[in-house]
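All figures in this text were calculated on a predicted structure; none of them were measured in a lab. Only heavy atoms go into these numbers, but all of them, side chains included; no hydrogens, no water, no symmetry mates.
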Amino acid sequence: GDYADLYKMYVTNKANFTALGNENIVITGGTAEQVNTIANLTTGKVTATIIDTAADLVAALKNSASTDELILTVTGTAKASDLITLDGKTSEDIKVNADVVSGTYADLNKVYVTNAANFADLGAENVTITDKTVAVGDANTIAGATTGKVTATVAAGTSTALNALTADTEINALTLTVTGDALASE
């Protein structure tokens with residue numbers, strides 16, 4: 001039902017009902033905070049649809065569980081760590097409509113590779129790898145998972161090692177430091 005009606009039943013008029021607290025609940029409408037309030041009042045499965053930023057969803061959905069059927073759409077800018085947290089709060093795939101996803105390579109790899117099946121609409125957003133430096137292969141992995149711009153500092157290496165970058169340098173913003181061997185002109 002609608003949040004206002006559910007709130008009346010579970011909070012305002014709770015004394016008028018017996019044995020509340022273990023039923024499955026479908027919430028139509030409502031904010032992440034409101035869904036969280038209702039989720040805290042039942043051990044049953046909660047079903048709802050919410051659109052917000054990843055950070056706001058993580059902050060609000062403290063009481064939801066992986067058994068809940070929350071249809072979450074993430075907008076704005078998202079941290080990969082927040083997407084991972086949200087993945088543990090619903091049995092549904094998370095729709096990522098974020099413009100930018102940022103995080104450590106380990107977290108980005110979980111989102112884009114290891115648990116990619118748990119996220120929908122990934123692959124067109126810009127990605128920022130926040131590690132101080134990232135290996136060539138790791139930069140290639142993330143760049144291969146999105147058509148958006150990847151921003152990262154690639155670990156220093158020889159021109160031969162750095163030449164293994166397959167990322168599109170016309171799209172991506174990769175900072176490189178060449179060490180060791182000299183470049184010969186042709």
field: Close side-chain approach of Y10 to T37, heavy-atom, < 4.5 Å
entry: no
task: Could you walk me through whether V35 and V46 pass the side chain to side chain contact (heavy atoms under 4.5 Å, CB included) test, one step at a time?
output: CA-CA 8 Å; V35 170; V46 175; 4.2 Å; yes
task: Would you mind reporting whether T141 and V113 have side-chain heavy atoms less than 4.5 Å apart?
output: yes
message: Side chains of L70 and E92, heavy atoms from C-beta outward: is any pair under 4.5 Å?
response: no
query: Do you know which two heavy atoms are closest between L122 and F119, and how far apart they sit?
result: CD1-CB, 3.5 Å
task: Would you sort out whether L72 and T90 count as a side chain to side chain contact (heavy atoms under 4.5 Å, CB included), showing the intermediate values?
output: CA-CA 8 Å; L72 304 176; T90 181; 4.2 Å; yes
Results of side chain to side chain donor-acceptor pair (under 3.5 Å) for N40 - residues two or more places apart only: none
Whether D2 side chain and A4 backbone form a donor-acceptor pair below 3.5 Å: yes
- request: Look up atom CG in L6 and atom OG1 in T42, then write down how far apart they are to the nearest 0.5 Å.
  value: 10.5 Å
- request: Applying side chain to side chain contact (heavy atoms under 4.5 Å, CB included), run through I27 and T47 and close with a yes or a no.
  value: CA-CA 6 Å; I27 304 170; T47 302; over 6 Å; no
query: Is it true that L20 and Y7 fall in one hydrophobic cluster, defined by side-chain heavy atoms closer than 4.5 Å?
result: yes
Smallest separation among heavy atoms of V154 and A135, with atom names: CG1-C, 4.5 Å
message: Within the structure provided, determine whether E69 and K45 are in side-chain contact (heavy-atom separation under 4.5 Å).
response: yes
N/O donor-acceptor pair under 3.5 Å between T151 side chain and T128 backbone: no
- request: Specify the closest pair of heavy atoms between V134 and A152, including all atoms of both residues, with the distance to one decimal.
  value: CG1-CB, 3.9 Å
query: Which atoms form the tightest heavy-atom contact between S81 and D107, and what is the distance?
result: CB-OD2, 3.5 Å
- prompt: Do the side chain of S91 and the main chain of D68 share a donor and acceptor less than 3.5 angstrom apart?
  reply: yes
Other residues, nucleotides, ligands: >12 heavy atoms within 6.0 Å of Y3 OH: yes
query: Under the 3.5 angstrom rule, does the side chain of T147 hit a backbone N or O of G123 as a donor-acceptor pair?
result: yes
query: Among N36, T73, T85, I50, which one satisfies side-chain contact (heavy atoms from CB on, under 4.5 Å) with L57?
result: I50
- prompt: Please walk me through it: do I94 and V74 pass side chain to side chain contact (heavy atoms under 4.5 Å, CB included)?
  reply: CA-CA 7 Å; I94 297 166; V74 174; 3.8 Å; yes
message: Taking I71's backbone N and O only, do any of them form a donor-acceptor pair with T49's side chain (distance below 3.5 Å, no angle check)?
response: no
Verify same cluster id: V11, I38 (apolar side-chain graph, 4.5 Å): yes
query: Do D121 and K95 meet the salt-bridge criterion of a basic N to acidic O distance under 4.0 Å?
result: yes
message: Less than 3.5 Å apart, any donor N or O on the side chain of N118 or D93 sitting next to an acceptor on the other?
response: no
- request: Report yes or no: does T146 contribute a side-chain atom to a donor-acceptor pair with the main-chain N or O of E125 at less than 3.5 Å?
  value: yes
task: Compare all side-chain heavy atoms of L108 with those of V127 and state whether any distance is below 4.5 angstrom.
output: yes
